[in-house]
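If you read the sequence from its start, that first residue is 1, and numbering goes on from there. Computed over heavy atoms, backbone and side chain alike; hydrogens, waters and symmetry mates excluded.
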Amino acid sequence: MASILGGLISWIGDRMKLTMAMRTELLELSIEAMMSSIFYAPLVGIGESLEKQLVKDQFRNRVRKIILYTITTIAGVSGFTLVKYLFPNESVFTIRIPAVDWDVKVLLTIFPALIVGIGFGYLFQLFEKYSEIVAKKIKQPILLAVLVGTIMGILGMISPYFLFSGEHELLGFSKDVVNFGLPYILLLAIGKALLTNLCFAFGWRGGKIFPAIFAGTAMGFALAELFPYTPGLIVGIVVAASVTIIINQPYVTAALLLFLFPIQLFPFIIAACLLTNKFSKSVKQVN
């Protein structure tokens, strides 16, 4: 899809006689709109721009970019909404959680969920670090590919949830998780995080954000087994904190999770993303 879009932008650029910089900006805007429409997360378009630090002499350009991102995002979401209306079907990138039932006991789960999410995010990064160390010691691409393929096959026989990136399995997993025990859910969470980083370090290609979301979701459901109060809130905070640590982009993380979880949970999710990001920066300064 991205290659097709790139070709289309190139063709438009030729016809409009755009400079290379203008073509690049147009392509970025188009990709942001496409991502927003696919994942039904309208803030993705402006999230990337908000992540960058303000530079005084580039303020006008940043404002223009944010405005353009917003316009193209609205256009993308409008198109997606029209397609959903004409061809209604259940979204793949979604999660099924019980109805939100607010209780004062929920407050007791927020801090543990935040701690578990942050800890799982650092565990994910630890897997990444040591996977790369192992890959550098072996230094044989074919052997590395065979090894990780074998590991993937073995884990795939244990559970199909270990396979692929994870976003297409979120809905089915959230429906079936009530039938899983705590050890099995923990195995999925930790195993998915480890396998994802082994694949990247051993030469396989892909992105880590969706496997990270799936692994974080599994870890959130594992914690919900211990604290059965508003499991949706627990899962949302764990995913928000862990993914923020992993990709270091709190606004993009919150935007992706905006339509993955009920809108009532979004204030807690954005707060978890920002608090986690602040904690991460404090840790880096100390180190």
side-chain hydrogen bond (donor to acceptor under 3.5 Å, both in side chains) against Y184, all qualifying residues, sequence neighbours excluded: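 Residues passing side-chain hydrogen bond (donor to acceptor under 3.5 Å, both in side chains) with Y184: S159.
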[atom2] on [Y] to [atom1] on [X], rounded to 0.5 Å:
X: K137; Y: L144; atom1: NZ; atom2: CG; value: 13.5 Å
X: Y251; Y: N277; atom1: OH; atom2: CG; value: 8.0 Å
X: T276; Y: K278; atom1: OG1; atom2: NZ; value: 12.0 Å

For I133, does the CD1 atom sit with more than 12 other heavy atoms under 6.0 Å from it, leaving out its own atoms?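 Yes.
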Minimal non-hydrogen separation, [X] against [Y], with atom names:
X: A212; Y: I246; answer: CB-CD1, 3.6 Å
X: P250; Y: L274; answer: CB-CD2, 4.3 Å
X: A113; Y: L223; answer: CA-CD2, 3.5 Å
X: F202; Y: V148; answer: CD2-CB, 3.8 Å
X: Q125; Y: I245; answer: NE2-O, 2.8 Å

In sequence, state the C-alpha distance, the side-chain angles, and the governing distance for Q249 and I209, and then conclude on side-chain contact (heavy atoms from CB on, under 4.5 Å). CA-CA 11 Å; Q249 291 181 309; I209 186 170; over 6 Å; no
Can I get a per-line list of side-chain donor-acceptor pairs under 3.5 Å for residues 233-244, giving both atom names and the distance, sequence neighbours left out?
residue : atom : partner : partner atom : Å
S242    : OG   : V238    : O            : 2.9
S242    : OG   : V239    : O            : 3.1
T244    : OG1  : A240    : O            : 2.6

Report yes if the side chains of [X] and [Y] come closer than 4.5 Å at any heavy-atom pair, otherwise no.
X: L123; Y: M219; answer: no
X: V283; Y: Y122; answer: yes
X: L182; Y: L226; answer: yes
X: L155; Y: I158; answer: yes
X: I110; Y: L114; answer: no

Spell out, yes or no, whether V134 and I190 are grouped together once hydrophobic residues are joined by side-chain heavy atoms under 4.5 Å, including indirect joins. yes
Same apolar cluster (I L V M F W Y, side chains within < 4.5 Å links), L163/I154: no
Enumerate, atom names and distances included, each donor-acceptor pair closer than 3.5 Å involving a side-chain atom of residues 194-201, sequence neighbours excluded.
residue : atom : partner : partner atom : Å
T196    : OG1  : K192    : O            : 2.7
N197    : ND2  : F124    : O            : 3.2
N197    : ND2  : A193    : O            : 2.9

